[in-house]
Amino acid sequence: MDSLWEQARLEIRAGLQVALTSLSVDMALERIEVTPPTEEGHGDWVTNLAFRLTKRLAGSPPNIAARLAEHFPQLPLVQRIEVAGPGFINFWVDSQWLAQVLVEAVNNPQGFGRRPPIGERVLLEFVSANPTGPLVVVNGRAAAWGDSLARLLTMAGYSVDREFYVNDAGMQVVKLGQAMAIRLDELRGSPLPEVWPEGVYPAEYVRDLAQAYAASHSQWEALVEDVTAWPELGAWAAEILRAQQEKELERFGVRFDRWFSEKSLRDAKRPDAVVQQLESLDLLYDQEGARWFRSTQFGDQKDYVVVKSDGGYTYIVPDAAYHVEKFQRGYDHVIDLLGPDHHGHLSRMRAIMAGLGYRAETLEILIIQMVRLLRGGQPVKMSKRGGTFVTLAELMDEVEVDPARWFFVERSSDTPMDFDLDLAQLKTQENPVYYVQYAGARIHSILQTYEARFAEDPEPFDSLKLVEPLEQALIRDVAKMPSVILRAAEQRAPQALCRYLTEIATHFHAFYRQHRIMEEAPSLRRARIELIRAVLIALSQAMEVIGVSVPERM
RNA sequence: GUCCCCGUAGCUCAGAGGAUAGAGCGCGGGACUUCUAAUCCCGGCGUCGCAGGUUCGAAUCCUGCCGGGGACACCA
């Protein structure tokens with residue numbers, strides 16, 4: 001069942017087809033464009049049909065538009081039709097017809113804007129930070145944005161699984177183990193190396209991990225000089241770090257359905273199967289002692305190594321095996337959110353999956369771009385290599401979860417963003433999060449007063465009382481909400497919700513200052529109560545999607 | 001050098017091929033005896049980076065150029 005707002009669009013489109021028929025023009029419904037106006041005052045829905053018919057019908061666009069309007073059938077939901085500008089036809093949806101949406105929302109708050117299950121399964125993989133250190137700010141962006149996308153797709157009727165891919169095998173875990181060994185040695189009183197080995201981070205948190213390890217393992221001193229112990233030490237530390245990441249994400253309001261271990265994939269020999277399949281498809285060749293994949297056959301810039309000269313696999317092999325595994329689990333859509341450092345990985349991943357016979361459209365790869373933190377207008381240093389990176393935990397210590405999540409979701413994911421720490425902490429007009437939350441708090445406050453005074457209001461709801469421009473604007477905002485959700489889901493654009501929320505909050509605040517509720521006559525009071533109840537529902541549902549709370553008091 | 005993203009108001013950014021390109025912030029005025037002033041109202045002279053092209057119509061699509069950011073390992 002389409003939302004009322006969408007229903008209006010479809011009926012207008014059908015009406016246009018009827019008008020076309022009376023002008024002896026055949027046109028398929030899907031080819032008739034009915035779009036939102038670009039500007040206020042141009043109605044609720046607009047068609048450009050007249051421009052597109054200049055070759056099939058004699059006359060100028062305004063003339064054709066006028067004839068179409070004339071033959072447009074009477075529809076109860078169309079209040080007004082206007083031929084405007086150089087040939088547009090603007091349609092106003094009848095406010096009374098539209099006001100049904102208020103009752104609909106109030107009768108089913110949780111279901112409002114939610115499309116019934118459409119039977120499609122989505123696997124969304126995001127964050128997937130290496131378990132070799134704490135989460136950093138850009139992981140927070142991925143977490144907030146990815147979680148919102150998951151909520152958005154759920155609202156749009158998809159069945160969504162959130163997954164975190166844990167790189168708990170391979171070289172970086174061995175390096176972590178080596179760092180552990182160095183730190184354990186430090187515990188025995190040895191000096192730290194003057195130059196750390198290539199790829200081994202001198203990070204402080206490893207010292208804490210080493211202490212914890214020593215405290216729980218009696219034989220630890222024997223491992224210090226044992227190179228073969230690095231993988232095990234690394235795996236131990238990686239699991240601790242992974243568990244910390246899970247906790248931090250939970251604090252950030254993000255939970256995963258599955259933490260998928262790369263090690264389990266390797267243990268099951270899935271990467272071997274990928275290489276064998278590529279071999280059997282004759283897509284590998286030898287060069288300089290390594291096995292290369294012919295990725296240029298699949299649109300990549302250059303071929304690349306899959307089996308190193310030492311016999312080990314490069315990163316792409318287990319990752320490809322992981323994606324094969326995902327598809328085998330039967331998902332209709334597989335979506336990856338990759339970090340900014342994976343930019344170059346994208347074309348390789350697409351190439352190898354194409355090589356393995358998967359259609360390009362089924363795998364969507366989105367890039368989460370980097371985050372620059374600003375304090376006092378100046379960038380805060382956050383280079384992971386320099387060791388001065390800002391962690392997600394540090395960010396959460398400074399900024400509350402609600403504004404942090406809002407800020408991350410507000411911007412499209414594929415462009416670098418500045419995160420203004422000062423602004424995020426401001427609890428004033430400059431901060432859009434509180435602006436929207438404040439609208440919710442005001443509604444709660446009115447509803448509490450109302451329910452205390454009129455627990456049993458005998459007055460029936462009469463939408464005819466809602467005639468003020470701001471009331472009608474709010475009815476439209478409520479009615480549009482399901483369409484906003486569906487469109488944002490299709491576009492993978494949760495940021496659209498932030499814009500919607502700001503708009504409905506703006507209309508509400510203006511309404512609030514201009515009109516009263518409790519002092520009005522019973523019938524008007526009742527109508528406005530129904531209106532703001534529905535506004536609160538639409539607002540809360542949209543806030544739910546971006547993972548930001550709606551406090552009852554502020 | 002190749003590939004990806006981005007150039008729109010002083011700043012941060014919206015913009016579904018359409019009408020006179022919009023918001024917020026900042027700045028200047030004004031509004032609470034009232035259901036929350038974390039609010040509202042008024043104030044906008046922009047080469048939509050540049051040049052071509054497609055189109056009845058381009059900030060939007062295509063090509064080239066200029067500027068900014070990022071990615072281009074037998075690391076993950």
Side-chain angles (χ1 to χ4, degrees), chain A residues 33 35-42 46 48 50-52 54-55 60-61 84-88 90 128 130 132 167 169-173 175 198-199 262 287-292 300-302 304-316 318-319 340-348 367 369-370 372 374 377 410-412 414-418 420 423 426-439 441-450 453 487 491 495-496 498-499 502-503 505-506 508-520 525 528-529 532 553-554:
Chain A
E33 286 179 37
T35 56
T38 46
E39 227 175 300
E40 254 178 85
H42 293 162
V46 180
N48 61 359
F51 299 102
R52 296 176 40 216
T54 48
K55 281 178 189 149
S60 63
F88 298 99
N90 298 335
S128 297
N130 278 337
T132 52
N167 296 121
M171 193 51 76
Q172 81 283 3
V173 172
K175 298 281 187 196
E198 178 70 28
E262 178 186 348
Q287 192 179 308
E288 297 160 13
R291 294 293 281 169
W292 295 68
D300 203 1
Q301 292 302 303
K302 50 187 173 188
Y304 58 88
V305 171
V306 290
V307 187
K308 298 184 277 186
S309 48
D310 69 5
Y313 296 138
T314 55
Y315 170 70
I316 191 81
D319 207 10
D341 52 332
H342 284 67
H343 213 119
H345 185 58
L346 205 144
S347 53
R348 265 180 269 165
I367 297 284
Q369 283 292 1
M370 42 185 275
R372 206 164 57 130
L374 295 183
E410 192 185 22
R411 301 248 184 288
S412 127
D414 60 3
T415 178
M417 73 172 282
D418 287 339
D420 189 331
L423 177 58
L426 275 183
K427 296 207 171 178
T428 63
Q429 49 186 19
E430 292 141 57
N431 197 329
V433 193
Y434 298 119
Y435 182 81
V436 175
Q437 288 185 328
Y438 189 49
R442 277 178 151 176
I443 297 175
H444 273 292
S445 172
I446 300 168
L447 291 178
Q448 271 167 19
T449 310
Y450 172 76
R453 275 201 243 162
R487 182 174 163 76
Q491 311 258 317
Q495 63 271 21
C498 292
R499 250 173 281 137
T502 305
E503 186 182 322
T506 299
F508 174 75
H509 284 308
F511 165 79
Y512 180 91
R513 294 294 296 180
Q514 200 170 322
H515 303 291
R516 307 259 85 205
I517 294 177
M518 297 309 295
E519 292 84 4
E520 298 292 350
R525 183 183 63 216
R528 286 186 174 163
I529 286 290
I532 66 167
R553 296 183 170 284
M554 285 176 74

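Please read all numbers here as calculations on a predicted model, not as lab measurements. Atoms considered below: every heavy atom in the structure, side chains included; atoms not considered: hydrogens, waters and symmetry mates.
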Original post:
Tell me, do A/Trp292 and A/Val306 make a side-chain contact under 4.5 Å, heavy atoms counted?
Top reply: no

Original post:
Which part of the nucleic acid, if any, lies within reach of A/Val173 when heavy atoms closer than 4.0 Å are counted: base, sugar-phosphate only, or nothing?
Top reply: nothing

**OP:** Considering non-hydrogen atoms only, spot the tightest contact between A/Pro432 and A/Glu410 and give its length.
**Re:** CG-OE2, 4.1 Å

Subject >> Phosphate-side-chain proximity, A/Tyr434 and B/A38, N/O vs OP1/OP2 below 4.0 Å >> reply: no

**OP:** Looking at every strand, decide which applies to A/Ala510 at a 4.0 Å heavy-atom threshold: base, sugar-phosphate, or nothing.
**Re:** sugar-phosphate

Original post:
What is the base-pairing partner of B/A71, counting Watson-Crick and G-U wobble geometry with both distances under 3.5 Å?
Top reply: B/U2

Subject >> Whole-Å gap separating P (B/C5) and CG (A/Leu346) >> reply: 10 Å

**OP:** Check A/Phe511 against A/Ile532 and note the closest heavy-atom contact, atom names and distance.
**Re:** CE2-CG2, 3.9 Å

Subject >> No-H, no-angle donor-acceptor pair, A/Ser445 side chain to B/C35 base, under 3.5 Å >> reply: no

Original post:
Counting side-chain heavy atoms from C-beta on, which of B/A19, B/C35, B/C41 comes nearest to A/Thr449?
Top reply: B/C35

**OP:** If B/G18 has a Watson-Crick or G-U wobble mate with both distances under 3.5 Å, name it; if not, just say none.
**Re:** B/C56

Subject >> Given B/U36, B/C35, B/A37, the nucleotide with the shortest approach to the side chain of A/Arg513 >> reply: B/A37

Subject >> Nucleotide forming a Watson-Crick or wobble pair with B/G7, both distances under 3.5 Å >> reply: B/C66

**OP:** Tell me what A/Tyr304 touches on the nucleic acid: a base, only sugar-phosphate, or nothing, going by heavy atoms under 4.0 Å.
**Re:** nothing

Subject >> Minimum-distance nucleotide (side-chain atoms of A/Thr38 versus B/G18, B/C40, B/A76) >> reply: B/G18

**OP:** Quick one: classify the glycosidic conformation of B/C32 as syn or anti, with syn meaning within 90° of 0.
**Re:** syn

**OP:** Identify the two heavy atoms, one from A/Thr314 and one from A/Pro318, that lie closest to each other, and give their separation to 0.1 Å.
**Re:** O-CD, 3.2 Å

Original post:
So what does A/Thr35 touch, heavy atoms closer than 4.0 Å: a base, only the sugar-phosphate, or nothing?
Top reply: nothing

**OP:** Give a yes or no on whether A/Gln287 atom CD has more than 12 heavy-atom contacts from other residues, nucleotides or ligands under 6.0 Å away.
**Re:** yes

**OP:** Could you tell me whether a side-chain N or O of A/His42 sits under 3.5 Å from a main-chain N or O of A/Ala84, the two making a donor and an acceptor?
**Re:** no

**OP:** Respond yes when some side-chain nitrogen or oxygen of A/Tyr435 is under 4.0 Å from OP1 or OP2 of B/A23, and no when none is.
**Re:** no

**OP:** Select one nucleotide: of B/A76, B/U36, B/C74, the one nearest the side-chain heavy atoms of A/Glu288.
**Re:** B/C74

**OP:** Searching all strands shown, indicate the nucleotide that pairs with B/G43 (Watson-Crick or G-U wobble; both distances under 3.5 Å).
**Re:** B/C27

Subject >> NZ or CZ of A/Arg348 within 45° of A/Tyr304 ring axis and under 6.0 Å >> reply: yes

Original post:
Touch check for A/His515, heavy atoms < 4.0 angstrom, all strands: base, sugar-phosphate only, or nothing?
Top reply: base

Subject >> P-based separation of B/G46 from B/C3 [nearest Å] >> reply: 37 Å

Subject >> Between P of B/A71 and NZ of A/Lys302, the distance in whole Å >> reply: 14 Å

Original post:
With no angle test and no hydrogens, is the base of B/A19 tied to the side chain of A/Asn90 by a donor-acceptor pair under 3.5 Å?
Top reply: yes

Original post:
What nucleic acid atoms does A/Glu39 come within less than 4.0 Å of, heavy atoms only: base, sugar-phosphate, or nothing?
Top reply: sugar-phosphate

Subject >> Separation of the P atoms in B/A16 and B/C6, to the nearest angstrom >> reply: 13 Å

Original post:
B/A19 P sits how many Å from A/Phe88 CZ, rounded?
Top reply: 6 Å

**OP:** Provide the Watson-Crick or G-U wobble partner of B/C48, both distances under 3.5 Å; none if there is no partner.
**Re:** none

Original post:
With nearest nucleotides of RNA chain B determined for A/Glu33 and A/Phe511 from heavy-atom distances, which residue corresponds to the more 5′ nucleotide?
Top reply: A/Glu33

**OP:** Ignoring the backbone of A/Arg52, work out which of B/A19, B/C56, B/C74 is nearest its side chain.
**Re:** B/C56

Original post:
Hey, does the side chain of A/Arg442 come within less than 4.0 Å of B/A37's phosphate (OP1/OP2), counting only N and O?
Top reply: yes

Subject >> Side chain of A/Arg411 (C-beta onward), nearest among B/G18, B/C56, B/U12 >> reply: B/U12

Subject >> Whole-Å gap separating C1' (B/U36) and CD1 (A/Ile517) >> reply: 13 Å

Original post:
Whole-Å distance between B/A71 P and A/His342 NE2?
Top reply: 12 Å

**OP:** Would you kindly give the CD-to-C1' distance between A/Gln437 and B/U39, to the nearest whole Å?
**Re:** 15 Å

Original post:
What nucleic acid atoms does A/Asp414 come within less than 4.0 Å of, heavy atoms only: base, sugar-phosphate, or nothing?
Top reply: sugar-phosphate

**OP:** Quote, to the nearest angstrom, the C1' distance that separates B/G44 from B/A21.
**Re:** 12 Å

Original post:
Is the shortest side-chain N/O distance from A/Lys55 to OP1 or OP2 of B/C56 below 4.0 Å?
Top reply: yes

Original post:
Is the shortest side-chain N/O distance from A/Lys308 to OP1 or OP2 of B/A76 below 4.0 Å?
Top reply: yes

Subject >> Nucleotide B/C35, atom C1' - distance to CD1 of A/Ile443 in whole Å >> reply: 12 Å

**OP:** Using atom types as modelled and distance alone, determine if a side-chain donor or acceptor of A/Gln491 lies under 3.5 Å from a backbone N or O of A/Ala496.
**Re:** no

**OP:** Pick the P atom in B/G1 and in B/G10, then give their distance to the nearest Å.
**Re:** 32 Å

**OP:** Report yes if a side-chain nitrogen or oxygen of A/Arg499 is closer than 4.0 Å to either non-bridging phosphate oxygen (OP1 or OP2) of B/A23; otherwise report no.
**Re:** no

Subject >> Side chain of A/Ala84 (C-beta onward), nearest among B/C75, B/C74, B/A19 >> reply: B/A19

Original post:
Taking the side chain of A/Tyr438 as heavy atoms from C-beta outward, which of B/C6, B/A38, B/A19 is closest to it?
Top reply: B/A38

**OP:** Could you tell me the separation between the CD atom of A/Glu40 and the P atom of B/G15, rounded to a whole number of Å?
**Re:** 17 Å

Subject >> Flag side-chain contact, heavy atom, 4.5 Å: A/His345 against A/Asp319 >> reply: yes

Original post:
A/Pro340 or A/Tyr315: which one's nearest nucleotide on RNA chain B is closer to the 5' end?
Top reply: A/Pro340

